Amino acid sequence: MRKGKPRRILARIVETEAYLPGDAAAHSFIGETARNRSLFLDRGHAYVYFCYGMHFMLNTSAESHGVGAGVLFRAAEPLKGAEWMGGAGSAPDKRKIASGPGRLARALHVGKRLDGVDLTGAGPLWLAAALGPTGPVGTSVRIGITKEAHRPLRFFERGNPVVSGPRRLNQ
DNA sequence: AAGAAGATTCGCT
DNA sequence: GCGAATCTTCTTA
């Protein structure tokens, strides 16, 4: 991931959640609306959602055009330019700066303007495969939802301290 | 037109 | 550990 504004910043995603077609917990479940239309774009487009009156959440669409599905980015490990990440002043701790979906969006300066942007090509935000090797991936139920709460659709890098959530889920 | 819910975080006890 | 902060979107009248 990178952003060109003040400087290029780079982070490695270490925690995600999947929201599938026909998944009652997914915003796309009710069908396409003005708010969730980005989830119905072809895979690789940003879906930015404003939640709890104070936080943005960054997702990528994950299916073919017309099918509603997405992946929520819940935590990322700062690799480069951490000092330019949003919130770096108040939370200089690399472990916390992009840990949790709200903090991740803040760190990457994600706002409504990025909603619908293609993440796979040139642009303000770029999503690509990991540069180096990845640790073992753990699985758990998703956090903070009430519907379909039992499905194991949260994925994280085991043992990575940047991963958010209660420790009992991170084993 | 009004009300409730929501993929969270932070500060205080 | 608990509750407030804060606002957009969708549902219901």
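This one's a predicted model, so the numbers in the text were calculated from it and none came from an experiment. Letters A, B, ... are given to chains in the order of the sequence lines, protein chains preceding strands, and every chain is numbered from 1.
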Which is true for A:F50 with a 4.0 Å heavy-atom rule: it touches a base, it touches only sugar-phosphate, or it touches nothing? sugar-phosphate
Would the A:H55 and A:F50 ring centres measure less than 6.0 Å apart? no
Find the distance A:L39:CG to C:dC10:P and express it as a whole number of Å. 12 Å
Could you tell me whether the phosphate oxygens of B:dA7, OP1 or OP2, come under 4.0 Å of any side-chain nitrogen or oxygen in A:Y49? yes
Whether A:R106 contacts B:dC10 is assessed here as follows: a side-chain N or O lying under 4.0 Å from the phosphate OP1 or OP2. Is that the case? yes
Whole Å only: how far is the NE2 atom of A:H55 from the P atom of C:dA4? 16 Å
CZ-CG distance between A:R95 and A:N160, expressed to the nearest 0.5 angstrom: 10.0 Å
Closest listed nucleotide, where the reference is the side chain of A:K112 and the choices are B:dA7, C:dA5, C:dT8: C:dT8
Tell me: CD of A:E15 to P of B:dA7, nearest whole Å? 16 Å
Over all strands shown, is A:R35 touching base, sugar-phosphate only, or nothing at heavy-atom distances under 4.0 angstrom? sugar-phosphate
Same cluster (ILVMFWY, side-chain, under 4.5 Å), A:L72 and A:I143: no
Tell me: CZ of A:F29 to C1' of B:dA7, nearest whole Å? 16 Å
d(CG, A:N36; P, C:dC10) in whole Å: 7 Å
Shortest side-chain distance from A:I30, nucleotide among C:dC10, B:dT9, B:dG6: C:dC10
Aromatic stack A:Y19/B:dA7: centroid gap under 5.5 Å, interplanar angle under 30°: yes
What residues from residues 143-165 of chain A pass a heavy-atom cutoff of under 4.0 Å to DNA chain C? none
I'd like to know if the side chain of A:E77 and the backbone of A:A11 have a donor-acceptor N/O pair within less than 3.5 Å. no
Can you see if the side chain of A:R74 gets near the phosphate of B:dT8 - specifically, an N or O under 4.0 Å from OP1 or OP2? yes
A:H27 side chain N/O closer than 4.0 Å to the phosphate oxygens (OP1, OP2) of B:dA7? yes
Length of the CE-C1' vector between A:M57 and C:dC7, whole Å: 13 Å
Quick one: does A:E15's side chain have a donor or acceptor within less than 3.5 Å of a partner on A:S164's backbone? yes
Return yes if a side-chain donor-acceptor contact under 3.5 Å exists between A:N36 and A:S28, otherwise no. no
Provide, to the nearest angstrom, the distance between the CG atom belonging to A:L104 and the P atom belonging to B:dA7. 17 Å
Under 3.5 Å, is there a donor-acceptor pair linking the side chains of A:E157 and A:T134? no
Any idea which of B:dT8, B:dA7, B:dC10 is nearest the A:R103 side chain? B:dC10
Using a heavy-atom cut-off of under 4.0 Å over every strand shown, decide if A:M54 touches base, sugar-phosphate, or nothing. base
In this structure, CG of A:L39 is separated from CZ of A:R37 (nearest 0.5 Å) by 10.5 Å
Can you tell me how far apart CZ (A:R43) and CG (A:D118) are? Round to the nearest 0.5 Å. 12.5 Å
Check the phosphate of C:dC10 against A:T33, side-chain N and O only, distance under 4.0 Å to OP1 or OP2. Yes or no? yes
Every stem of 3 or more Watson-Crick or G-U pairs under 3.5 Å that DNA chain C joins, in order of first number, is B:1-6 with C:7-12, B:8-12 with C:1-5
To the nearest angstrom, the OH-P distance between A:Y47 and B:dG6 comes to 14 Å
Measuring from atom CG of A:L127 to atom CG of A:L58, what distance do you get when rounded to the nearest 0.5 angstrom? 8.5 Å
